[in-house]
Amino acid sequence: MKILVPVKRVVDYNVKVRVKADNSGVDLANVKMALNPFCEIAVEEAVRLKEQGIASEVVVVSVGPAAAQEQLRTALALGADRAVLVESDAELGSLAVAKLLKAVVDKEQPQLVILGKQAIDSDNNQTGQMLAALSGFAQGTFASKVEIAGDKVNVTREIDGGLQTVALTLPAIVTTDLRLNEPRYASLPNIMKAKKKPLETVTPDALGVSTASSVKTLKVEAPAARSAGIKVKSVAELVEKLKNEAKVI
Ligand code: AMP
């Protein structure tokens, strides 16, 4: 079974993001970038399925600038076999990314596509769902457990108030939740080996996909700064303040 794992280059989760002075977006100058954490979990799951002898090949794909090769190399160091970069410097919306991924799915014919449930930069949580709709594949989102059973994949999903298990007929789309697994660290020998693994670059034009967007970002603003809290000395003082200052009791 071939598994395709779409991975996104995002601002590292440790970075405190700043908004550009003209409010046109987030300032990415000299900011540390990384593999989206949910995509790391997706790569880990695919690699584990390969280690169990269930998957035969793990292909990672990223849509983004040439610099996204760094994140593809990271995924290769974590155990993926091959990488594809759909190179574009444009700021692409989820639908454009999903259309590009659909073209890669058509070309690669994977049995399983594992995506992150969301990218931590835009928090869209929609690319996997859109790809499922475009490709006509079944989808199991927010997976905390994935089990291949013959021509089906059983996906345990984290839903409000509990867990739901769905059986999807392959080929299928799975998106990863936080508790699916704990990704490994790339070892130095594997980082070295990853440099020699195949990385193919294609363009949206070559895939025959128009990336024109119907969504335009008008403005990006930082959340309003919160004023500092205070410490009270006693319960009586707290009650007094809640009553007379906050007027909530
Ligand atoms: P989102 O819908 O943007 O929150 O992203 C959900 C998931 O879709 C990510 O975790 C990735 O697996 C995939 N994805 C989103 N954007 C890209 C991209 N530019 N390239 C590759 N995969 C992506």
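Everything quoted here is computed from the prediction, not taken from an experiment. Whatever order the structure lists them in is the order used to number ligands and atoms, beginning at 1.
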Under 3.5 Å side-chain donor-acceptor pair for Glu44 and Asn181: no

Spatial distance of atom CG (Asp151) from atom CD (Gln111) [nearest 0.5 Å]: 9.0 Å

Per-atom contacts, ligand 1 versus Val7 - under 4.0 Å to a heavy atom: 20 (N), 21 (C), 22 (N)

Distance-only N or O hit between ligand 1 and Asn36, under 3.5 Å: yes

Options Cys39, Ser88, Ala96, ranked by nearest heavy atom to atom 9 (C) of ligand 1, top entry: Cys39

Ligand-side contact atoms (ligand 1) for residue partner Gln126, heavy atom cut-off under 4.0 Å: 2 (O)

Arg82 side-chain N/O to Lys197 backbone N/O, donor-acceptor pair under 3.5 Å: no

Numbering as shown, the atoms of ligand 1 that approach Asn124 to under 4.0 Å (heavy-atom distance): 1 (P), 2 (O), 3 (O), 4 (O)

Nearest-contact summary for atom 8 (O) of ligand 1 - protein heavy atom, Å: Thr127 CB, 3.3 Å

For residues 64-72, run the donor-acceptor check on the side chains, cut-off 3.5 Å, and write out each pair with its distance to 0.1 Å, sequence neighbours left out.
unit_1 : atom_1 : unit_2 : atom_2 : d
Gln71  : OE1    : Arg9   : NH1    : 2.9

Top protein contact for atom 17 (C) of ligand 1, by heavy-atom distance: Val97 CG1, 3.6 Å

Subset of ligand 1 atoms that lie under 4.0 Å from at least one heavy atom of Leu115: 8 (O), 12 (O), 13 (C)

Closest approach of any protein heavy atom to atom 19 (N) of ligand 1, naming residue and atom: Val63 O, 2.8 Å

Taking every non-hydrogen atom, the tightest pair across Val60 and Ala75: CG1-CB, 3.8 Å

N/O separation below 3.5 Å, Phe38 to ligand 1: no

Protein residue, atom and distance nearest to atom 16 (N) of ligand 1, heavy-atom basis: Lys8 CD, 3.4 Å

Value rounded to 0.5 Å, distance of CG in Leu100 from CD in Glu87: 12.5 Å

Ligand 1 N/O within reach of Gly116 N/O, cut-off under 3.5 Å: yes

Members sharing Tyr185's hydrophobic cluster (side chains within less than 4.5 Å): none

Residue pair Lys117 / Thr141, side-chain heavy-atom distance below 4.5 Å: no

Where Phe38 and Gln118 come nearest, the two heavy atoms and their spacing: CD1-O, 3.2 Å

For Asn125, the ligand 1 atoms whose distance to one of its heavy atoms is below 4.0 Å: 1 (P), 2 (O), 4 (O)

Leu131 reachable from Leu4 in the ILVMFWY side-chain graph, under 4.5 Å edges: yes

pair Leu170-Val153: side-chain heavy atoms closer than 4.5 Å: yes

Within-cut-off N or O pair, Ala119 and ligand 1, under 3.5 Å: yes

Over all atoms of both residues, closest heavy-atom pair of Lys20 and Val26: CE-O, 3.7 Å

Heavy-atom gap Thr176 to ligand 1 smaller than 4.0 Å: no

Close-contact set for ligand 1 against Val61 heavy atoms, below 4.0 Å: 21 (C)

Closest protein heavy atom (residue, atom, distance) for atom 12 (O) of ligand 1: Pro6 O, 2.8 Å

Close approach of Ser122 to ligand 1, heavy atoms, under 4.0 angstrom: yes

Residue-ligand contact Ala42/ligand 1, heavy atom below 4.0 Å: no

